[in-house]
Amino acid sequence: MSKFDEPDYYKQDELLQIDTKPPKTSWMDTPVDFRKGTYIYPGKAKNLKVVDLPNPREWAVEDIDWSLPEDWQRIVLEGMADRLVKYRSFKVFMDTCVRCGACADKCHFFLGSGDPKNMPVLRAELLRSIYRKDFTAMGKIFGTMAGARPLTEDVIKEWFYYFFQCTECRRCSVFCPYGIDTAEITMIGRELIGLLGLYVNWVIEPVANCFRFGNHLAIQPHGLVDTLEFMADDIEDATGIKVDIPINKKGAEILFVTPSGDFVADPGIYTCMGYMLLFQELGIDYTWSTYASDGGNFGLFTSHEMMKRLNAKIYADAERLGVKWVLGGECGHMWRVIHQYMDTLNGPADFLEIPKSPITGTEFKHARSTKMIHLMEFVADLIRHDKLNLDKSRNDHINVTFHDSCNPARAMGIFEEPRYVIRNVCNNFHDMPENTIREQTFCCGGGAGLGTDENMEMRLRGGLPRGSAVRHVQDKYGVNQLAAMCAIDRATLVTVCDYWAPGVQVTGITELVANAMVFTGEKKRTHNLRLEPIPGMDIDDDDGMGAEEGASLDE
Amino acid sequence: MNILVALAAVAGLFVVGMLGGVLGLGWIFGVIIPSLALLLFVGGMVAKVMGWSKSAVPFRIPTSCGQQKSLNWIPHSRLENPHTPLQAAGRMVLEVLFFRSLLRNTRAELVDGRRLVYRTDHLLWLAGMLMHWSFLVIVIRHFRLMMNPVPGFVSFIEATDGFLEIGLPVVFITTLTFLLGVSILLYRRLTDPQVRYISLIGDYFPLFLLLGIGLSGVWMRHLDKVDIAGIKELMVGLFHFSPVVPDGISPVFYGHLFLVSMLLAYFPFSKLTHMAGVFLSPTRNMANNNRAVRHVNPWDYPVKVHTYEEYEDELREKMVGAGIPVDKPLEKE
């Protein structure tokens with residue numbers, strides 16, 4: 001018998017009974033239904049203490065009394081006043097919405113749940129109604145008639161529920177005629193309830209870990225060495241190549257930073273193995289850092305200040321190690337932070353040089369200030385200059401589609417680089433329908449700190465639009481793999497695909513690259529990085545893993 | 001409920017304006033109130049924009065809707081993902097003049113009980129374009145009543161707008177498209193269950209106000225045939241700061257003018273500020289060149305971080321044990 005935090009607990013037919021009819025009661029008079037499977041557990045006191053967050057205590061979402069600080073209303077309203085001055089986005093977005101509803105059916109959580117408060121416009125109204133009450137003339141005079149409402153504990157509970165039912169994916173912002181970005185609303189909303197000590201543990205534990213150990217998973221330096229060595233062994237089994245593992249190497253040319261999910265989670269580890277193989281083959285002078293052992297930044301899901309605190313280690317270690325520039329692995333929200341925030345938060349990185357490929361000589365001028373480039377920009381350039389020896393046919397058993405991760409898509413616009421790379425390492429590539437990719441891509445349903453299990457129902461519901469699009473290309477083209485350059489995707493989309501499009505596996509792009517690459521001195525490649533036999537490759541019959549279905553031998 | 005309150009409010013305001021005319025309060029309803037309303041509009045909008053401008057833009061957060069500028073052989077999408085302020089201005093032009101983002105609108109539908117499909121939905125875009133552009137032309141046309149002599153461009157726009165030459169006086173195209181646009185917006189708000197659920201009085205009120213202004217205008221031009229010379233005398237006087245209030249102006253005019261005054265006065269305190277707000281939206285008006293040009297946060301402050309020294313101090317023994325280089329050697333026992 002499965003439990004509410006497992007996908008099997010939910011019957012597809014029941015989840016698909018999506019009732020989009022709004023309730024009879026007005027949204028202000030409709031309280032939150034804290035149903036198991038839809039919310040995330042509170043942050044534990046010990047984690048809050050590590051990073052000096054307010055009001056650390058043990059509490060439960062089901063409690064009537066959330067033990068807020070005594071003057072909680074004042075704290076929230078002062079917090080709002082402060083942020084209205086600090087963030088023009090917040091202030092303009094509070095004022096300009098016309099409630100045209102263009103955003104309504106653009107949110108994956110609304111599409112999957114039908115809950116009107118998951119319409120971006122209403123998610124913002126949760127906050128806007130309080131803004132009106134205390135910061136606008138109309139709201140002060142006309143109250144409810146002007147869409148204002150008083151700040152009560154129920155409002156706080158509603159905020160907690162719905163701001164952790166938003167993945168800050170920014171899809172609604174693409175469709176809004178004023179560019180109102182719910183990610184901004186949610187970020188500010190989370191900051192405000194954070195002032196009261198309301199966090200979710202799935203965000204705040206990684207934050208505490210990242211602060212102390214440099215990565216979300218609390219992998220200690222010796223643990224990272226073990227992990228990478230373990231991967232090196234698997235790499236040798238698959239390819240016969242022995243890779244070096246440069247760690248905290250002073251004077252290296254390039255610091256490589258990737259999300260820590262790549263170190264431990266299947267299938268992220270295969271992508272990580274791909275990185276190691278790629279760098280080995282290129283012979284570039286790079287280093288891992290144990291101190292900056294996570295490019296991911298759950299501070300983004302906590303507060304702007306926390307984002308800065310966790311991000312600081314990247315430039316700090318780049319400077320300490322004396323590298324020339326920084327290369328970033330396949331991650332989603334990490335790239336939002338790197339691209340849109342890092343230079344402002346912790347720059348300028350005067351001590352670094354403009355990234356320049358040691359192999360092709362290409363100068364990445366678009367990153368001349370931040371001095372950090374995306375691995376797909378780096379690899380696309382290598383392929384363009386014909387610097388990789390690729391045998392695409394090794395991926396012929398794969399029929400791949402590409403999931404644009406929200407942040408690299410809508411907070412960066414890296415659309416063509418990954419597709420160029422995929423097309424050059426796979427013969428079978430099919431994009432999903434156009435309303436579900438590129439700037440219109442759908443979230444996995446588990447970003448921005450929502451990728452835990454206790455909210456499984458919402459994850460499956462939020463994953464429906466993506467799952468439905470994957471199912472479409474699976475049925476139409478026989479797609480059997482989904483590539484994603486995001487560590488959260490590589491964890492959460494496994495669940496989404498297993499549930500909505502069973503039979504489709506999830507992979508990182510560098511895994512596909514490494515599987516297609518012909519390495520100098522490699523042994524006969526019969527197994528991929530997952531150590532699964534590659535169909536069509538010659539395998540000795542006596543090892544019991546004979547070539548599959550109509551395999552033709554190239555050699 | 002919200003609908004009725006808004007409708008009653010607009011109807012009530014129109015009656016008040018008419019009464020002003022009937023009771024011969026021409027000075028109050030023809031001069032003082034419109035002047036105050038205009039003052040409130042201009043002052044209110046300036047204050048609003050100043051208020052927004054005073055808020056900082058700590059981060060550069062454009063929403064990228066096209067390919068970034070990176071490698072020079074990958075075509076960059078200049079207007080959907082601008083890399084320079086000029087390109088960002090181009091994006092704003094598309095947004096402000098043509099409602100670019102609304103043109104993307106889709107309607108999601110679950111077909112066969114399990115497949116999500118997205119159909120193009122241009123109704124909102126169309127209604128928005130009809131309403132806003134027609135409104136602009138109508139405002140310009142009204143300059144005829146405020147200026148003496150009538151500027152050439154006003155006559156030109158008027159002639160173009162009336163080129164169908166139907167009816168006497170001629171029916172302007174924008175009269176019809178304006179009423180159509182507002183009606184579609186109202187219809188959508190009433191019939192789409194989601195949009196209706198989120199609609200406040202403040203969403204219906206401006207629509208009824210615009211509808212009231214439009215219909216009373218049609219009434220005056222095509223049904224009542226009001227004393228246009230008297231109206232022009234009043235309006236020209238108003239805009240030349242030498243007000244006169246001629247006798248015999250139809251009460252419908254005072255109703256119309258009162259609704260216009262209410263629209264002006266209401267504007268800065270309502271969602272109608274989106275007119276100016278769209279220009280200040282950081283997700284639209286900034287260039288996505290973050291990695292090329294550093295953006296400075298004006299209120300940036302130092303934060304508490306866990307330094308490498310602290311990190312190494314805690315973990316030095318384990319690092320040395322694992323063969324990881326350290327900055328400070330282990331202390332000998």
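Below, chains carry the letters A, B, ... as their sequence lines are ordered, and counting in each starts from 1.
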Less than 4.5 Å to any heavy atom of chain A: does that hold for the side chain of [X], its backbone, both, or neither?
{"X": "B/R188", "value": "side chain"}
{"X": "B/E95", "value": "side chain"}
{"X": "B/L116", "value": "both"}
{"X": "B/I61", "value": "both"}
{"X": "B/Y266", "value": "side chain"}
{"X": "B/I198", "value": "both"}
{"X": "B/L110", "value": "side chain"}

Proximal component of [X], with respect to chain B [non-hydrogen, under 4.5 Å]:
{"X": "A/T30", "result": "side chain"}
{"X": "A/L111", "result": "side chain"}
{"X": "A/A312", "result": "side chain"}
{"X": "A/Q440", "result": "side chain"}
{"X": "A/K91", "result": "both"}
{"X": "A/V98", "result": "both"}
{"X": "A/F364", "result": "side chain"}
{"X": "A/Q340", "result": "both"}
{"X": "A/K250", "result": "side chain"}
{"X": "A/M145", "result": "both"}
{"X": "A/C100", "result": "both"}
{"X": "A/R471", "result": "side chain"}
{"X": "A/S173", "result": "both"}
{"X": "A/D95", "result": "both"}

Run through A/E305, A/M307, A/M306 and flag the one making a side chain to side chain contact (heavy atoms under 4.5 Å, CB included) with B/V303. A/E305
CZ (B/R60) and NE2 (A/H339) are apart, to the nearest 0.5 Å, by 8.5 Å
Just wondering, do [Y] and [X] contact through their side chains at under 4.5 Å, heavy atoms?
{"X": "A/T96", "Y": "B/K271", "value": "no"}
{"X": "B/Y197", "Y": "A/P23", "value": "yes"}
{"X": "B/E314", "Y": "A/F213", "value": "yes"}
{"X": "A/T436", "Y": "B/Y118", "value": "yes"}
{"X": "B/L102", "Y": "A/F175", "value": "no"}
{"X": "B/R104", "Y": "A/N435", "value": "no"}
{"X": "B/L71", "Y": "A/F378", "value": "no"}
{"X": "B/N81", "Y": "A/M412", "value": "no"}

Before you tell me yes or no, could you show the steps for B/R115 and A/D475 under salt bridge (charged side-chain N to carboxylate O under 4.0 Å, His left out), namely the whole-Å CA-CA distance, both residues' side-chain angles and the distance that decides it to 0.1 Å? CA-CA 12 Å; B/R115 220 155 48 85; A/D475 290 347; over 6 Å; no
Can you find a side-chain donor-acceptor pair between [X] and [Y] that sits under 3.5 Å?
{"X": "B/R114", "Y": "A/Q12", "value": "yes"}
{"X": "A/T290", "Y": "B/Y311", "value": "yes"}
{"X": "B/S70", "Y": "A/E417", "value": "yes"}
{"X": "B/N105", "Y": "A/K106", "value": "yes"}

Could you go through the side-chain contact (heavy atoms from CB on, under 4.5 Å) check for B/Q194 and A/M119 one step at a time? CA-CA 9 Å; B/Q194 268 70 41; A/M119 294 190 282; 3.4 Å; yes
Can you check whether anything in residues 293-302 of chain B gets within less than 4.5 Å of chain A, heavy-atom wise, and list it by number? B/V293, B/R294, B/H295, B/V296, B/N297, B/W299, B/D300, B/Y301
Pull out the residues in residues 200-210 of chain B that come under 4.5 Å of chain A, heavy atom to heavy atom, sorted by number. B/L200, B/I201, B/D203
Steps toward side-chain contact (heavy atoms from CB on, under 4.5 Å) verdict (B/Y308, A/D317): CA-CA 8 Å; B/Y308 177 79; A/D317 224 28; 3.9 Å; yes
Pick from [options] with the largest number of heavy-atom pairs that fall under 4.5 Å of chain A:
{"options": "B/V305, B/V5, B/V278", "answer": "B/V305"}
{"options": "B/L272, B/D192, B/N289, B/N288", "answer": "B/N288"}
{"options": "B/T106, B/V96, B/L185", "answer": "B/T106"}
{"options": "B/R100, B/R284, B/E80, B/M275", "answer": "B/R284"}
{"options": "B/S281, B/S77, B/S270", "answer": "B/S281"}
{"options": "B/L315, B/N285, B/V117, B/T273", "answer": "B/L315"}

What verdict does the side-chain hydrogen bond (donor to acceptor under 3.5 Å, both in side chains) test give for B/Q68 and A/E416, after you've listed the backbone C-alpha separation in whole Å, the side-chain angles of each residue and the deciding distance to 0.1 Å? CA-CA 9 Å; B/Q68 65 168 353; A/E416 294 306 330; over 6 Å; no
May I ask you to check whether B/H306 and A/Y291 place their ring centers less than 6.0 Å from one another? no
Measure the acute angle between the ring planes of B/H274 and A/Y178, then classify it against the limits of 30° and 60° as parallel, tilted or perpendicular. tilted
With side-chain contact (heavy atoms from CB on, under 4.5 Å) as the test, would you mind laying out the steps for B/T63 and A/E439 before giving the verdict? CA-CA 9 Å; B/T63 312; A/E439 75 277 7; over 6 Å; no
Strictly below 4.0 Å, N to O, side chains only: are B/R107 and A/D105 in salt-bridge contact? no
For A/P22 and B/P193, the nearest pair of non-hydrogen atoms, with its separation, is CG-O, 3.6 Å
What heavy-atom pair brings A/A409 and B/S64 nearest, and what distance separates the two atoms? O-OG, 2.8 Å
If you count the non-hydrogen atoms of other residues, nucleotides and ligands that lie under 6.0 Å from NZ in B/K69, is the total more than 12? no
